[in-house]
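Worksheet: one structure, shown below.
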Amino acid sequence: MSERQVIIIGSGPAGLTAALYAARANLKPLVIEGIDAGGQLMLTTMVENWPGYRDGIMGPDLMAELRAQAERFGAEFIQGDVTAVDLSKPPFNVSLGKTNYLAHTLILATGASAKWLDLGVDKKLSGRGVSTCATCDGFFFKGLPVAVIGGGDTAMEEAIYLSKLATSVTVIHRRDTLRASKVMQDKAMSIPNISFLWDTEVLDIKDVDKGAVSSLVLRNLKTGERSELPIDGVFIGIGHTPNTVLFKGQLAMHDNGYLKTHDGSRTSVSGVFAAGDVQDHVYRQAVTAAGSGCMAAIDAERFLSGTLHDSSAAHLVTNS
Amino acid sequence: MASEKVKTFTDADFKDSVKSGVVLVDFWATWCAPCRRLAPTVDQLAEEYSGRVTVAKVDIDENPMTPGSFMVRGIPTLLLFKDGDLKETVVGLANKDDLSKLIDKHL
């Protein structure tokens, strides 16, 4: 069984930045990329808020650069999904099916995945007109009317992208104001074929029997009035849920499922660190994920060299 | 590095190509990032099932008719045919073990 100083689970901005720092610290990190290798940025187009790129950079290009940079310093990558971790005692066992690895420190950067509506039908119609990825599936709705559900940056980005393909884009949001950043709101509102349905929730997506999306059944939350909106595609941008199933019962989590961290990147288990969206339900930016990945690598390095001190102990020392 | 065992189907030859045996078809496009992620898995399946299962790709940009006729509205989508009948549909990313199980059901 292969034994490693550092294993990093996940390969988005957090995982790859952790890999870069751990590799430069000569820890020869092993990165288990996961089925969604590259993370959420792989599904975006232009990233305009990554510092240093004044004209923006394409999400997949940025991830390819980050990966190559980590690799240049000796990070090792394997494809595939982790199927189980055992955090009960170090070194920690990490399984990929029948293959097992032992890790003296673990950096968890498993990120978050797009949330689906809780309707049951949306998953049945996935790939049949229901999508969480406009850049993947927008192609199929050229010249057709579509809807976007949500009011945050993700929803606005999807609406803006789809407005170039679809005849009309109806944004459906539960509130009467958007959560999205000002710049995204302004951009979306300035596009003539994007319209907004406020205070509206989706009750149902038709038509499962036909195996294709034909309309949305909607309810106005203020008036209770029901309506039906004929559309061919519906894109869901209602937020994300952290990928923490592997750690259930092993690590402390917030009520919303995000991992709890303290004193930097430490989780509730000594030697296990977390970075990026899996532990961040507040900022959720590529650059904050990268920053926390750097923190996790430095924390892991200090842990391995025995110089990572418990902050409460440090506090006692300074007061004595 | 695509496997040589993966065939390329088009709108013109699709119907005939899935007519007999077990055929796994990967609908993809050059601009689709998740499709690129799935590609190595499809390659591996083509190698492993060589001689038993035909594994093929359809570029949806060049072949719009076939995805339309199977109501494919998202990629990557994998369709599994047995003797011309559509047996399984897998939308989005999937891991190799799950796909192997799905194929084994029809062998």
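Numbered from 1 within each chain, the chains take letters A, B, ... in sequence-line order.
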Original post:
Which bit of A:Leu41 is near chain B, if near means a heavy-atom gap under 4.5 Å: side chain, backbone, both or neither?
Top reply: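 For A:Leu41, no heavy atom lies under 4.5 Å from chain B.
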
**OP:** Go through the atoms of A:Glu33 and report whether side chain, backbone, both or neither lie under 4.5 Å from a heavy atom of chain B.
**Re:** neither

Please flag which part of [X] lies under 4.5 Å from any non-hydrogen atom of chain A: side chain, backbone, both or neither.
X       : value
B:Ala29 : neither
B:Ile60 : both
B:Thr41 : neither
B:Pro76 : neither
B:Phe70 : backbone
B:Asp97 : neither

Tell me whether [X] contacts the main-chain N or O of [Y] through its side chain, where contact means a donor paired with an acceptor under 3.5 Å.
X        : Y        : result
A:Asp137 : A:Ser131 : no
B:Arg36  : B:Thr30  : yes
B:Asp83  : B:Gly21  : yes

Original post:
Are side-chain heavy atoms of A:Asp232 and B:Arg73 found at a separation under 4.5 Å?
Top reply: yes

**OP:** Could you tell me the separation between the CG atom of A:Leu216 and the CG atom of A:Leu117, rounded to the nearest 0.5 Å?
**Re:**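 If I round to the nearest 0.5 Å, the distance is 9.0 Å.
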
**OP:** May I ask you to decide if the ring planes of B:Phe14 and B:Phe9 are parallel, tilted or perpendicular, using 30° and 60° as cut-offs?
**Re:** perpendicular

**OP:** Return the option, out of A:Leu125, A:Thr135, A:Asp36, with the maximum number of heavy-atom pairs under 4.5 Å with chain B.
**Re:**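 Maximum pair count with chain B is reached by A:Asp36.
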
Original post:
For A:Asn193 and A:Ser168, does a side-chain donor sit closer than 3.5 Å to a side-chain acceptor?
Top reply: no

